[in-house]
Amino acid sequence: MSLANKNILLGVSGGIAAYKTPDLVRKLTALGANVRVVLTGSATEFVSPLSLQAVSGNPVHQHLLDPSAEAAMGHIELAKWADALLIAPATANIMAKLAHGLADDLLTTLYLATEANVFIAPAMNQQMWKATATQVNLGILTQHGTLFIGPASGEQACGDVGSGRMVEPVDIATTLSQALSSSSEQILAGKHILITAGPTREPLDPVRYISNHSSGKMGFAIADMAIKAGAKVTLIAGPVALPTPEGCKRIDVSTADEMLAACEQASSDSDIFIATAAVADYKAVQVAENKIKKIGDELTLTFVKNPDILATIAMRTDRPFCVGFAAESQDVESYARGKLKNKKLDMIAANDITAPGLGFNSENNALHVIWEDGDKHLPATTKSELAKALLVLIANQYTNTHSVQ
Ligand code: C5P
């Protein structure tokens, strides 16, 4: 983890979590970053400019129309200086202003003036985060290419419990360093990675099937990032409408049986198997030869369990390093730990599918990654950023387990 020589412009807006920003500056500088801080007017109610000046070692920027500050480092110069603009905490108000291109103070002006990657760590009351306007602004900012870190869930300053807490400074710093670390760091060079993605489609008759809403985006993002990290990638995809990541071998399948057959063939020379596919649990015992007719008020079909692709591969003696996904709506961690054990996996990435704006069919996700003797929370961000962070964990754990054999 390093932010060596990276110029981080930290924008602080006016939320209670602003009191954590001196710690955030320390965490960023500890990773080697140069940090300059911009405060909005209301942020100064929660944190003192002097503290931030002391910990960052640089003057704090507060006003757009300050002749002395402009003479030292003007706002355009500041926008160009930044390798990344990190806004933490970001209130609902600042998100709204940024989404709509307002530029009535220094921070909002810098957002428009910078070409650097922008990272936003929201912090607000859970109801304000859930509010339609905030969720629409989140969508707009994501379309701008802004990357979200969090928010995290838990108890809030106001006593509410829910999604809206600022991600802890240490996790913001880690996420930023992972995102800014060049993917030319070939952490998976020479490795063959097999990935399943998307749903499976189980036919009932010649025109009908059962399936699910998996978009395949997480698996495709992992494939893309794994190639950038130097791996040779085979991507076994269920029916999805996604372009093939450049440089990967894609095999399209439809049913779970087809996916298993493709995986068995490709896994023999794979080092790592990452199963992101949402495989249908059951298939029809018998696929009707002709279209099932509409007769009677009820229809009974009999289903039989599909093979567990991941467990089948993980059971083999010459198995690759096996990573599973667990999409859960309750008791996320305990179900994920159960699957890690029962399916004999090396690692599992769990996500809560009830979290608003995350998971199935959305652009963003958050993961709790668990392995035998450790775990790590990867806060909410785009599936690409998450894929990058997950691959760092997989590469580390793969190296640890394979160097002791
Ligand atoms: O048991 P559950 O479906 O929740 O397990 C999820 C994990 O197992 C995912 O990694 C998924 O890709 C994999 N899986 C599989 N074959 C199945 C069911 C799940 O590979 N039939």
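Whatever order the structure lists them in is the order used to number ligands and atoms, beginning at 1. Atoms considered below: every heavy atom in the structure, side chains included; atoms not considered: hydrogens, waters and symmetry mates.
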Give the single entry among [options] that approaches [atom] most closely by any heavy atom.
atom                    : options                        : value
atom 15 (C) of ligand 1 : Thr276, Asp308, Thr200         : Asp308
atom 11 (C) of ligand 1 : Ala277, Cys322, Ala197, Ala327 : Ala277
atom 20 (O) of ligand 1 : Leu260, Thr312, Leu310, Val323 : Leu310

| task | Ignoring hydrogens and angles, state whether a donor on the side chain of Thr146 or Tyr111 is under 3.5 Å from an acceptor on the partner side chain. | result | yes
In the protein, which heavy atom is nearest to [atom], and how far is it?
atom                    : answer
atom 18 (C) of ligand 1 : Val279 CB, 3.8 Å
atom 10 (O) of ligand 1 : Ala275 O, 2.6 Å
atom 21 (N) of ligand 1 : Pro307 O, 2.8 Å
atom 5 (O) of ligand 1  : Lys343 NZ, 2.9 Å
atom 4 (O) of ligand 1  : Lys339 NZ, 2.4 Å
atom 9 (C) of ligand 1  : Phe325 O, 3.1 Å

| Against heavy atoms of Gly324, which atoms of ligand 1 measure under 4.0 Å? |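 In order of number, 10 (O).
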Going by distance only, is there an N or O of [X] that falls short of 3.5 Å from an N or O of ligand 1?
X      : result
Ala326 : no
Thr196 : no
Ala280 : no

| field | Salt bridge Glu168-Lys20, side-chain N to carboxylate O under 4.0 Å | value | yes
| request: Decide, yes or no, whether a salt bridge links Arg208 with Asp205 under the criterion of side-chain N to carboxylate O below 4.0 Å. | output: yes
Over 12 foreign heavy atoms within 6.0 Å of [atom1], [X]:
X      : atom1 : value
Phe46  : CZ    : yes
Glu372 : CD    : no
Asp373 : CG    : yes

| Minimum-distance pair of heavy atoms, taken over all atoms of Val240 and Ser215 |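 Shortest heavy-atom separation between Val240 and Ser215 comes out as CG1-O, 3.3 Å.
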| task | Search all heavy atoms of Pro379 against all heavy atoms of Ile149 and return the closest pair with its distance. | result |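 That would be CG-CG2, 4.0 Å.
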Heavy-atom contact under 4.0 Å between [X] and ligand 1?
X      : result
Met259 : no
Ala278 : no
Ala256 : no

| said: If we set the cut-off at 4.0 Å for heavy atoms, which region of Ile309 has an atom near ligand 1: side chain, backbone, both, or neither? | reply: both
| said: Using modelled atom types and a 3.5 Å cut-off, is there a donor and acceptor pairing between side-chain atoms of Thr401 and backbone atoms of Gln397? | reply: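 Such a contact is found between Thr401 side chain and Gln397 backbone.
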| Separation of Leu242 CG from Asp224 CG (nearest 0.5 Å) |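 Rounded to the nearest 0.5 Å, the CG-CG separation comes to 11.0 Å.
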| request: Mind telling me whether His377 and His368 have parallel, tilted or perpendicular rings, with 30° and 60° as the class edges? | output: parallel
